[in-house]
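Reviewing the structure listed below.
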Amino acid sequence: MHKEKPLRFCAPDLYEPLNEALKAENLHSFDVEAIAVEEPSRLRIRLAYGERFEHTRSFFIEKKNAKTPSAALGKFYKNTLKHCKEVLIESYYSNIKP
């Protein structure tokens, strides 16, 4: 089994674009759990979000490309964080209903 590590420590070059995408969506780093899983030839980035982090999406990147974030990674962050925002808003409104 592969060991999970926080993305910001395992691949800080890939965490910085996530941080920028969070700011663009007016989300906080506490809203998303960013995990990196090192596999033999690639890195799996897993983002978990939601009230209990029950929603997850993953992105795979070759280890040799892990130093330079790609446009595909940026798109993954953007799409995932849009969904995260929708989930958090839906959760908020469902919790305030009488």
Side-chain angles (χ1 to χ4, degrees):
M1 185 168 171
H2 304 290
K3 189 173 180 182
E4 295 183 349
K5 299 177 186 175
L7 180 63
R8 63 187 266 181
F9 299 123
C10 184
D13 294 328
L14 302 179
Y15 182 76
E16 187 56 36
L18 173 61
N19 213 18
E20 294 301 318
L22 284 164
K23 289 176 188 174
E25 290 294 329
N26 293 317
L27 293 170
H28 194 276
S29 60
F30 293 141
D31 293 324
V32 175
E33 182 180 63
I35 299 295
V37 181
E38 288 191 61
E39 297 179 358
S41 64
R42 63 185 185 172
L43 191 66
R44 178 167 53 107
I45 298 169
R46 182 175 52 85
L47 300 182
Y49 52 93
E51 193 172 341
R52 292 180 183 85
F53 299 102
E54 66 273 12
H55 299 271
T56 61
R57 291 192 179 174
S58 294
F59 182 85
F60 295 90
I61 188 167
E62 296 295 319
K63 281 187 178 178
K64 63 183 178 185
N65 300 328
K67 289 286 182 188
T68 52
S70 66
L73 179 64
K75 187 174 181 180
F76 165 73
Y77 285 157
K78 183 178 179 179
N79 292 337
T80 302
L81 295 179
K82 280 185 184 270
H83 188 250
C84 171
K85 193 172 188 176
E86 291 169 3
V87 166
L88 292 173
I89 290 170
E90 182 180 311
S91 175
Y92 172 78
Y93 281 114
S94 70
N95 286 333
I96 64 169
K97 286 183 182 177

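- Of all the heavy atoms in Leu81 and Leu27, the pair that sits closest is O-CD1, 3.7 Å.
- The aromatic rings of Tyr49 and His55 lie parallel to each other, with less than 30° between the two planes, well short of the 60° mark.
- Nearest heavy-atom pair across Glu54 and Gly50 is OE1-C, 3.9 Å.
- Of the possible donor and acceptor atoms, none in the side chain of Asn95 sits under 3.5 Å from a partner among the backbone N and O of Tyr92.
- Shown here for Ser29 and Leu22, the closest heavy-atom pair between the two residues is CA-CD1, 3.8 Å.
- Minimum heavy-atom separation, Ala48 to Thr56: CB-CG2, 3.8 Å.
- Annotation: the span from Leu7 atom CG to Asn19 atom CG amounts to 10.5 Å, rounded to 0.5 Å.
- Lys5 approaches Cys10 most closely through the heavy-atom pair CB-CB, 4.1 Å.
- Residues that satisfy the salt bridge (Lys or Arg N to Asp or Glu O under 4.0 Å) test with Glu39, not counting sequence neighbours, are Arg42, Arg44.
- Within 6.0 Å of atom CD in Glu20, more than 12 heavy atoms from other residues, nucleotides or ligands are found, so the atom counts as buried in its surroundings.
- Surrounding NZ of Lys78 are at most 12 heavy atoms belonging to other residues, nucleotides or ligands under 6.0 Å away.
- Ile35 belongs to a hydrophobic cluster whose other members, connected by ILVMFWY side-chain contacts under 4.5 Å either directly or through intermediates, are Val37.
- With a 6.0 Å radius and a threshold of 12 heavy atoms from other residues, nucleotides or ligands, Arg8 has its CZ atom at or below the threshold.
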